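Presented below is the structure to which this report refers.
So that the names make sense, note that chain A is the first sequence line, chain B the second, and so on, each numbered from 1. This structure is a prediction, so every number in the text was calculated from the model and none was measured.
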Amino acid sequence: MPELPEVETVARGLRMVLPGRRIVSVRLGKTDFIDDPAAIERELPGSRIAAVQRFGKFLLIELERGNNGGGAKFSLQVHLGMTGQIVTCRPEARVAPHTHVFFALDDGRELRYTDARRFGRMRILANGERESVLGEQGLDPLEMSEAEFRSKISARRARIKALFLDQHVLRGVGNIYTDESLWRTRIHPKRLGANLKKDELRRLYRMVRAILQEAIRLGGSTVSDYVDAEGEPGEFQLRHRVYMREGKKCFRCGTAIRRAIVAGRSSYFCPRCQPAPRHTNRKKSSRSR
DNA sequence: CTTACGGCCTGGGTGC
DNA sequence: TGCACCCAGGCCGTAA
């Protein structure tokens, strides 16, 4: 599942080969994950790739229109969803199943998008749309200050798990890195943001950043489909301490790791290291009044 | 307004 | 061999 480290790894890989290339032609398969397929077919051929950026879990391929020099700028925004893969290869390379987008490049190579579930998204972002679309996103975990992080979290009474998954709070963090960060800081996923102690927030701040950076260094986590821009899997899954370890022993205390649905997502935690909050869902108290 | 939750999209894996 | 079911992330509608 591509989260920040995976998308960052893909972006770095693409950055090695794409900038300066021109898109010669576009071929599309299924298009139900593309906002406006006709616009892709119309706008991209002849455009030049200026840069590749990551913004949260979004990949932004910065483009300039065909006219030589000074063409209008726009972006191709790609979200990999759960199973999205974007790789460059030679055009004669075997086409993986569920490959739906082919960009022929002017160096004879091909950029392909493969996505079995098609939970990914692809759209053209006009220069003027950038701010409104990207401006709604939360803090970049690698750039935020501790003070920004603490004020953002402690202002909320939602569960810390929900806050971490909310891209309007932190951009780029998903299920894996949330559970890993909470286990390592011994914080239960159902704790409310506003109830976290200053020291807990400090540890969480440091931990999520350290984990994301280590995961980037290891090329991300490959749990099922994720591969980088060269088609290679990541290695951070070997460092996972709780994610997908239901029933296995906690690396710290040996207690069986539990799985519970929190914020609508599978959440893995150690019931001993990460004590549950007192009353999560206050029901109408039968006593009093 | 904030939060919680269920449903929807698709298809690979699992278990009977 | 078949097949029903679960589940993944993001988004949206609804309810409290």
If the cut-off is 4.0 Å, is A:His79 near the phosphate of C:dG9, judged by side-chain N/O to OP1 or OP2? no
Spacing of A:Asp32 atom CG relative to B:dT10 atom P, expressed in whole Å: 6 Å
Separation of A:Tyr177 atom OH from C:dG9 atom C1', in whole Å? 15 Å
Integer-rounded Å distance: C:dG9 P and A:Glu3 CD: 7 Å
Heavy atoms of other groups near A:Glu92 CD, more than 12 under 6.0 Å: yes
Which nucleotide wins on minimum distance to the side chain of A:Phe119, given the candidates C:dC7, B:dC9, B:dC5? B:dC9
Of all the nucleotides listed (B:dT2, C:dA8, C:dG9), which has the minimum atom distance to the side chain of A:Arg156? B:dT2
Gap between atoms CD1 and P, on A:Ile160 and B:dA4 respectively (whole Å): 12 Å
Please list, pair by pair, any protein nitrogen or oxygen found under 3.5 Å from a nitrogen or oxygen in nucleotides 11-14 of chain B.
from   : atom 1 : to       : atom 2 : distance (Å)
B:dG11 : OP1    : A:Arg118 : NH1    : 3.1
B:dG11 : O4'    : A:Arg117 : NE     : 3.3
B:dG11 : N2     : A:Arg117 : NH1    : 3.4
B:dG12 : OP1    : A:His98  : NE2    : 2.7
B:dG12 : O4'    : A:Arg117 : NH2    : 2.8

With a cut-off of under 6.0 Å to the ring centre and 45° to the axis, is A:Arg112 in cation-pi contact with A:Phe103? no
Of all the nucleotides listed (B:dA4, C:dC7, C:dG9), which has the minimum atom distance to the side chain of A:Arg159? B:dA4
To the side chain of A:Ala162, which of B:dA4, C:dC7, C:dG10 is closest? B:dA4
How about CZ on A:Arg252, more than 12 heavy atoms from neighbouring residues, nucleotides or ligands closer than 6.0 Å, or not? yes
Verify side chain to side chain contact (heavy atoms under 4.5 Å, CB included) between A:Tyr205 and A:Arg150, making sure each step is shown before the conclusion. CA-CA 8 Å; A:Tyr205 168 79; A:Arg150 283 210 316 254; over 6 Å; no
Rounding to an integer number of Å, can you tell me how far A:Glu6 CD sits from C:dA8 P? 16 Å
NZ or CZ of A:Arg245 within 45° of A:Trp183 ring axis and under 6.0 Å: no
Would you say A:Glu214's side chain and A:Ile211's backbone share a donor-acceptor pair under 3.5 angstrom? no
With respect to the phosphate group of B:dT10, does any side-chain polar atom (N or O) of A:Thr83 fall under 4.0 Å of OP1 or OP2? no
Just by distance, do the side chain of A:Arg191 and the backbone of A:Ile160 share a donor-acceptor pair under 3.5 Å? no
Rounded to whole Å, how long is the line connecting atom CZ of A:Phe33 with atom P of C:dG10? 17 Å
Looking at the base of C:dG9, is there any donor atom on it, or on the side chain of A:Arg265, that sits under 3.5 Å from an acceptor on the other one? yes
Expressed as a whole number of angstroms, how long is the span from A:Leu163:CG to B:dT2:P? 12 Å
Looking at B:dT3, C:dG9, C:dC7, which one has an atom nearest to any side-chain atom of A:Ser266? C:dC7
Quickly work out the A:Lys161 NZ to C:dA8 C1' distance and round it to whole Å. 12 Å
Within 45° cone of A:Phe33 ring axis and under 6.0 Å: A:Arg121 NZ or CZ: no
Compile the donor-acceptor pairs under 3.5 Å between side chains in residues 48-61 of chain A and protein atoms, sequence neighbours left out, one pair per line.
from    : atom 1 : to      : atom 2 : distance (Å)
A:Arg48 : NH1    : A:Glu64 : OE1    : 3.1
A:Arg54 : NE     : A:Glu8  : OE1    : 2.7
A:Arg54 : NH1    : A:Gly56 : O      : 3.0

A side-chain contact here means heavy atoms from C-beta on lying under 4.5 Å apart; do A:Val10 and A:Tyr226 qualify? yes
Can you pull out how bent the helix from B:dT2-C:dA16 to B:dC16-C:dG2 is, comparing the axes over its first five and last five pairs, to 10°? 50°
